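Chain letters run A, B, ... following the sequence lines, proteins first and then strands; every chain starts at 1. Keep in mind it's a predicted model, so treat the numbers as computed, not measured.
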Amino acid sequence: MQSEIVWMIIGMGVVTYIPRMLPFVLFRGKELPEFLQGVLKNVPYATLGALIFPGILFIHEDIWYGMLGAAAAIIISFLGANVIVVVLGSIAVLSLYSFFI
Amino acid sequence: MSEIALNKSGTEFRRGMQAGISIGIGYLPVALTFGLLAKTTGLSIGETLLMSLAVYAGAAQYISLSLLALGTGTFEIVLTTFIVNIRHFLMSASLNEKSEDDEPIIKAAYAFGITDETFSVAAVKEGTVSAGYMFGLNLIAYLSWVIFSGIGHAVGASLPQTFQESMSVALYAMFVGLLVPSMKKGVKVVFLAVLAAIFNTVFTITNALSTGWAIVTATLLSAVLVELIVMMKERRTKDAE
């Protein structure tokens, strides 16, 4: 291994770990002002929205591919399926689509 | 007593591992491609594995490869990694609010495994989040990421193209599968997700912010705005009484 690359990787590891770890060590939880606690409770759902869009539309040059994947995932999960079923079902729908197109 | 506690953490660990399976599937194509790209960028298999083991952050690892290919210096690459991954601070702060009390050292240990995906799964889970659950969840996701990075490098090829393409939807489908059941619970969740999606789409399409910052900014804007609206509504109903 080249030592410069190894040092780079170690540096990347350290700067990635620090933001992951700090909040758990700095805060005990539930001691922040009520408004801030409310905001932090909102974060998961807002993050999910931002993680899905617009990324899902751009998984393929063909934008309909992403649209179809999104529609499949939304419909399958709306029907109450488990997350794994949503994942496998969406993959299956897109496999069929690329098989026929 | 200690036996009961041990049993409880055992089931929690298993529950976490089960919840990690979708992430493990979703990481497969992404990690394979990372291993392949690392090889073409000139990294050895040892360096590739070390990066997946030590950094464990998909987007940052991909970016570092393209920067290496451009001949960017070590310092800039480490700085870019920091900027791309600073969003985890927000996720850890949020997860800390629903995690069970534990020694800081234990929390610091499972904090290593916080990614967009493990955070999303743990954060929308019912009830509190225990250390056992986090370790189980992290283990499956981490193993998938590290092992498939190595295989991608060793085999030097990704999945057959159509399969690779259809599998690229996996992580997004997982996010949808986590979000939709929560949306049924209330209109607040719908607003949070839709607002953040609109903000992120605008930031991305206009190229106003880089990916990492776009997600953090969109998330924070949406979370704060919705909380302000809720607060104002509560105040108004109180005044009316």
Practice prompt. Show your reasoning for whether side chain to side chain contact (heavy atoms under 4.5 Å, CB included) applies to B/Met183 and A/Phe78.
Written response: CA-CA 10 Å; B/Met183 280 174 129; A/Phe78 197 79; over 6 Å; no
Fill in: Trace of the side chain to side chain contact (heavy atoms under 4.5 Å, CB included) decision for A/Ile5 with B/Met51
CA-CA 10 Å; A/Ile5 298 252; B/Met51 195 188 280; 5.9 Å; no
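In terms of heavy atoms, A/Ile91 sits closest to B/Ser166 at O-CB, 3.7 Å. Shortest non-hydrogen contact noted between B/Met91 and A/Thr47 is CE-CG2, 3.8 Å.
Between A/Pro54 and B/Asn200 there is a side-chain heavy-atom pair separated by less than 4.5 Å.
Ranking A/Ile9, A/Val14, A/Val6 against chain B, the residue ahead of the rest is A/Ile9, based on heavy-atom pairs under 4.5 Å. Annotation: maximal heavy-atom pairing with chain A below 4.5 Å, among B/Phe199, B/Tyr110, B/Phe191, B/Phe163, occurs at B/Tyr110. The candidate from A/Phe24, A/Phe53, A/Trp7, A/Tyr45 with the greatest count of non-hydrogen atom pairs under 4.5 Å with chain B is A/Phe24. Of the residues considered (A/Ala72, A/Gly55, A/Ser98), A/Gly55 shows the highest number of contacts with chain B, using heavy-atom pairs under 4.5 Å. Interface remark: of the candidates B/Ile21, B/Leu90, B/Asp102, B/Leu90 forms the most heavy-atom pairs closer than 4.5 Å to chain A. If you tally non-hydrogen atom pairs under 4.5 Å between each of A/Leu94, A/Leu51, A/Val83, A/Ile84 and chain B, the highest count goes to A/Leu51.
For A/Ile74, the parts lying under 4.5 angstrom from a heavy atom of chain B are both the backbone and the side chain. With a 4.5 Å cut-off on non-hydrogen atoms, A/Leu88 touches chain B through its side chain but not through its backbone.
In this structure, B/Phe112 and A/Tyr17 have tilted ring planes: the angle between them lies in the 30° to 60° band.
B/Tyr172 places no side-chain N or O within 3.5 Å of a backbone atom of A/Gly69 that could act as its donor or acceptor partner. With B/Asn85 contributing its side chain and A/Thr16 its backbone, the two residues share no donor-acceptor pair below 3.5 Å. Side chain of A/Arg20 to backbone of B/His88: no donor-acceptor contact under 3.5 angstrom is found. The main-chain N or O of A/Phe27 is found under 3.5 Å from a side-chain atom of B/Asn96 such that the two form a donor-acceptor pair. Distance alone, capped at 3.5 Å, places no donor-acceptor pair between the B/Lys107 side chain and the A/Pro23 backbone.
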